[in-house]
Amino acid sequence: MLRIEALEKRYKTGDHALKGVSFTVQPGQVVGLIGPSGAGKSSLIRCINRLVEPTGGRIFLGDVDISAVSRSDLRKARRRIGMIFQEYALVERLTVMENVLSGRLGYVSFWRSLLRRFPQGDVDKAFALIERVGLSDHVDKRADALSGGQRQRVGIARALEQDPELLLIDEPTASLDPKTSRQIMRLICEICAERKLPAIINIHDVALAQMFVDRIIGLKAGEIVFDGHPSALTNDVLSRIYGDEDWNAQRKAQDEDAQDAAAVAAFEIDRARHLEQV
Ligand SMILES: Nc1ncnc2c1ncn2[C@@H]1O[C@H](COP(=O)(O)OP(=O)(O)O)[C@@H](O)[C@H]1O
Ligand SMILES: [Mg+2]
């Protein structure tokens, strides 16, 4: 379970990105996070994995206050959080299996991973996950030979391979076609329900979110202005959240989110890179 209490983020520039945000996500629940550009969505996601430091409030994952974990314990805390990004966040020259196994890098020793000697249990788990996401026929294919939807399935399996207690998912369908987007959203929501995983999805496609998630949180100017079942998200509520936001600004924000995701992914992929060096 994830519990966020009175979360504050004020940047050094003075921008007050999160103004006392509180909510709880139950096991198995998938929350769609929506809101206009500048609402604080990225800041929220980044505070939860401590890519930015909260300036107030608390973030509990289970019993652990993530916001209070020391820098040196951060690696251990982060491996409890699975991140899924836009589907380009894979190591291109590695196979499906190797990309999924890279989810274990937070656990196995450097030398072991360098020699690609993952414990058999890790490999067995990876096989099972690859099957679950529907890629059994592609285990040894290189990432750069996969379609966008298949790549995103690898990203999901990789996140699960690290045995996370929470999934943070940033624009998982931003560059997928509509049918593939629905398949990926369905897969994510089914898996969270099966594994009793709480998840937060930063998603700009409100209609798609409404189709699949259990709950939507609408952020505006650093505050929660809607928190409820997707069916309660009426046009009135939507215009309250989005106001007269112009859609060019929205598109620009999506590009920025993609860059954010790429930056975060680089952090993960860095860990995977040394697999390529042997
Ligand atoms: N690194 C940063 N330094 C200063 N201000 C920032 C930084 N990141 C975001 N902000 C500000 O915080 C607010 C929320 O931004 P952000 O979390 O990116 O919103 P969203 O992801 O919903 O577009 C905005 O006013 C933005 O300008
Ligand atoms: Mg953003």
Side-chain angles (χ1 to χ4, degrees), residues 2 4-23 25 30-59 66-67 71 74 78 81 83-89 155 166-176 181 185 199-210 213 215-228 230 233 237-268:
L2 173 72
I4 294 177
E5 290 177 358
L7 187 64
E8 290 276 337
K9 177 62 192 176
R10 198 188 282 275
Y11 289 98
K12 290 203 177 75
T13 51
D15 289 83
H16 200 177
L18 298 170
K19 303 171 183 164
V21 167
S22 301
F23 62 95
V25 188
V30 179
V31 172
L33 184 63
I34 66 168
S37 157
K41 304 181 296 294
S42 299
S43 298
L44 176 56
I45 298 269
R46 289 165 146 221
C47 279
I48 296 172
N49 63 21
R50 290 271 301 273
L51 282 162
V52 306
E53 291 296 336
T55 46
R58 312 224 274 171
I59 301 165
I66 293 184
S67 57
R71 279 266 141 206
L74 207 48
R78 278 208 183 115
I81 303 175
M83 305 278 299
I84 300 173
F85 310 99
Q86 289 182 26
E87 85 290 344
Y88 54 73
L166 169 71
L167 286 181
L168 297 178
I169 309 172
D170 200 353
E171 295 286 358
T173 62
S175 42
L176 302 178
S181 295
M185 282 297 286
I200 299 180
I201 304 191
N202 186 356
I203 186 166
H204 72 273
D205 187 335
V206 175
L208 184 65
Q210 281 181 294
V213 303
R215 175 178 171 194
I216 287 182
I217 290 182
L219 272 184
K220 182 179 189 174
E223 289 175 306
I224 294 180
V225 293
F226 175 84
D227 182 354
L233 203 59
V237 176
L238 279 172
S239 58
R240 182 148 50 86
I241 298 173
Y242 286 97
D244 51 7
E245 151 116 348
D246 94 58
W247 289 95
N248 280 326
Q250 185 65 12
R251 201 158 24 238
K252 182 170 158 286
Q254 279 163 32
D255 289 346
E256 282 169 5
D257 278 343
Q259 285 166 15
D260 275 359
V264 179
F267 160 84
E268 289 292 321

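Note that ligands are numbered from 1 as they come in the structure, with each ligand's atoms numbered from 1 the same way. All values below were derived from every heavy atom in this structure, side-chain atoms included, with hydrogens, water molecules and symmetry-related copies excluded. Since the structure is predicted, the reported quantities are computational estimates derived from the model, not experimental observations.
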Side chain to side chain donor-acceptor pair (under 3.5 Å) filter on Arg50, not counting sequence neighbours, yields Glu53
Handout entry: Sub-4.0 Å heavy-atom contact, Gly35 with ligand 1
Key = no
Measuring from non-hydrogen atoms of Pro36 to any atom of ligand 1, is the shortest distance under 4.0 Å?
yes
The atoms of ligand 1 lying under 4.0 Å from a heavy atom of Ala39, numbered in the order shown, are 19 (O), 20 (P), 22 (O)
Taking NZ, NE, NH1 and NH2 as the nitrogens, is one of them in Asp227 or Arg215 under 4.0 Å from a carboxylate oxygen of the other?
yes
Heavy atoms of Leu219 and Ile241 approach each other most closely as O-CG2, 3.9 Å
Sorted by chain and number, sequence neighbours left out, side chain to side chain contact (heavy atoms under 4.5 Å, CB included) with Glu223 holds for Lys19
Please find out if the Mg ion (ligand 2) and some N, O or S atom of Ser43 are separated by less than 2.8 Å. no
A student comparing Gly38, Ala17, Ser37, Gly40 should find that the heavy atom closest to atom 12 (O) of ligand 1 comes from Ala17
Is a donor from one side chain sitting under 3.5 angstrom from an acceptor on the other, for Thr55 and Tyr11? no
The option among Leu18, Asp170, Thr13 carrying the non-hydrogen atom nearest to atom 4 (C) of ligand 1 is Thr13
